[in-house]
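In this text the structure is predicted, and so the values were computed from the model without any measurement. Values below: all heavy atoms of this structure, side chains included; hydrogens, waters and symmetry mates excluded. Numbering of ligands and ligand atoms starts at 1, following listing order.
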Amino acid sequence: MFKKILIANRGEIALRVIRACREMGIKTVAVHSTADNDAMYVKMADESVCIGPASSAESYLKKSAIISAAVVTNADAVHPGYGFLSENAEFAEMLEAHGIEFIGPTPEHIRRMGDKVEAKRTAIELGIPVVPGSKGALDTITDALKTAKEIGYPVIVKAASGGGGRGMKIAFNDEELKAQFPIARSEAKVAFGDDRVYMEKYLVNPKHIEIQLIGDKFGNVVTIGERDCSMQRKNQKIIEEAPASILTKKQSQDIQNIVRNAMEKLKYRGAGTIEFLFENGKFYFMEMNTRLQVEHPVTEQVYGVDLVQEQIRVAEGHKLSFKQEDIVPHCHALECRINAEDPETFVPFPGTVKYYHAPGGLGVRVDSGLYAGYKIPSCYDSMIAKVITFALTRDEAITKMYYALSEMIVDGVKTSIPLQQELLKQPAFLDGTYPIHWLQDYIQAKNEAKEKVEVQDDEPHKAKKKKSK
Ligand code: MV4
């Protein structure tokens, strides 16, 4: 039904949407900043429009420029990808006002889930399990102390307009809470222009498990399993997998049933993900992402669905092309996010790719716009590729990933590949038990071990200096 879709994004996700559109006979329009003139997704789209300079604020975040491009090229719909304007209710409204379909949920659903206090209230109403905490936002330190007494320490204070880990403070006692509470509020005010904060019991050692779902315009919702995204550092996921190896079939089905019933009540449409913390066999709602996620390919491989094509079909007004009972896992899939960065310091490493060789073979998928000669811009996210492997068992998928990463060559820049390969060999990864803070602890231990060696190396040097004095 759509003849032409404009993709309001860049990089591998723009390419992912182009590939989905081509197979559906839909023409594509790429939009790009001047920094992305030579990007692969621009070459692969049927048409392209330069929408501004390198700065995201003046290009990929500029609603008027993107909507003008959609109008000029006569696009029927806009796919926002992830990040940028993908969870911007105002953008969705503006498109609607121009008679252009936003491929995503309604502005109301985006807004409701974007406000974390509202989202949690909604989760409670819909019967989704949440972490014990404050009823809504907390205005005063007196209220904060009272709530902490009720739920017990440790507690976490989160910004209502935050999300993705920004604007959080942890307190283990009254003194810490008295100190942290005003800081949390003023930081929230500066970062989001909204000083509302709320409180939850702090879960010390959870896993991050998220449920994929998609709804159509007829009130049907299907959940498409879960992903384990616990391998992360500073809220940047590094390895994701589906299914979550530590869940029983019953735990997985129970939480999916809760999510499906809740989202049907909400009449949610489009693709979405509900993020949970998982500790001691229980799920706790964290937030909902009202968009396609970076890690969607692992779900696609395990369940044999094309999430982008399904997003497009439901936006066109079709019923979901599959039923809940069609959703069965066929394999285990892993995704490694390859970043152009120093694998030890995590400092971004933009530059020109001199030579590129992508891995391949049975059970290997690479989502990337890389090519030899491509100049990785410094002004955007450092993720340059996603390597996805899938096999009948988790162990096989891990082995496959290890060798796929060995085959991969990205000359001219540093990448996270050596770190990924190291992680694939760790016992906590191999047995699937790794919680959300595991990687940070692992890196810290590694750095401390390295410092020790450096100090030892330094001693003779210092001694020499002293002697020569
Ligand atoms: C928490 C938590 C522990 N207890 N909430 C971080 C991202 C944001 N979505 C919420 N986050 C957390 N909320 C309670 N009650 C720990 C985190 C958290 C986290 C969660 C998932 C993945 C990575 C994380 C890293 C640090 C903290």
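For atom 24 (C) of ligand 1, the candidate residues are Ile170, Val131, Ile436; the nearest heavy-atom contact is made by Ile436.
Between Tyr356 and Tyr374, the ring centre distance reaches or exceeds 6.0 Å.
Listed by number with element, the atoms of ligand 1 under 4.0 Å from a non-hydrogen atom of Leu277 are 1 (C), 2 (C), 3 (C), 4 (N), 5 (N), 14 (C), 20 (C). Distances below 4.0 Å separate heavy atoms of Lys201 from the following atoms of ligand 1: 4 (N), 14 (C), 15 (N). Each of the atoms 6 (C), 7 (C), 23 (C), 24 (C), 25 (C) of ligand 1 lies under 4.0 Å from some heavy atom of Asn235. Per-residue contacts place Glu200 under 4.0 angstrom from the following atoms of ligand 1 (heavy atoms of the residue considered): 5 (N), 14 (C), 15 (N). Heavy-atom contacts of Glu287 reach the following atoms of ligand 1: 8 (C), 9 (N) (cutoff under 4.0 Å). When each atom of ligand 1 is checked for a heavy atom of Ile156 under 4.0 Å away, the hits are 1 (C), 5 (N), 14 (C), 15 (N).
For the residue pair Gln444 / Glu448, a side-chain donor-acceptor distance below 3.5 Å is found, with atom types taken as modelled.
Exactly one of Gln256, Lys250, Gln251 qualifies for a side-chain contact (heavy atoms from CB on, under 4.5 Å) with Asp254. That residue is Lys250. Among Gln236, Gln232, Gln420, Glu295, the single residue meeting the side-chain hydrogen bond (donor to acceptor under 3.5 Å, both in side chains) criterion with Arg337 is Glu295.
The N/O atoms of His208, backbone and side chain alike, include none that comes under 3.5 Å of an N/O atom in ligand 1. Here's the thing with His437: none of its N/O atoms is less than 3.5 angstrom from an N/O atom of ligand 1. Between Met168 and ligand 1, a contact under 3.5 Å exists for no N or O pair.
A 6.0 Å sphere centred on CD of Glu118 holds more than 12 heavy atoms belonging to other residues, nucleotides or ligands.
With rounding to the nearest 0.5 angstrom, the CD1 atom of Ile274 is 12.0 Å from the CZ atom of Phe283.
With a 4.0 Å heavy-atom cut-off, ligand 1 is reached by the backbone of Leu203 and by its side chain too.
Between the side chain of Lys217 and the main chain of Ala315, a donor-acceptor pair closer than 3.5 Å is present.
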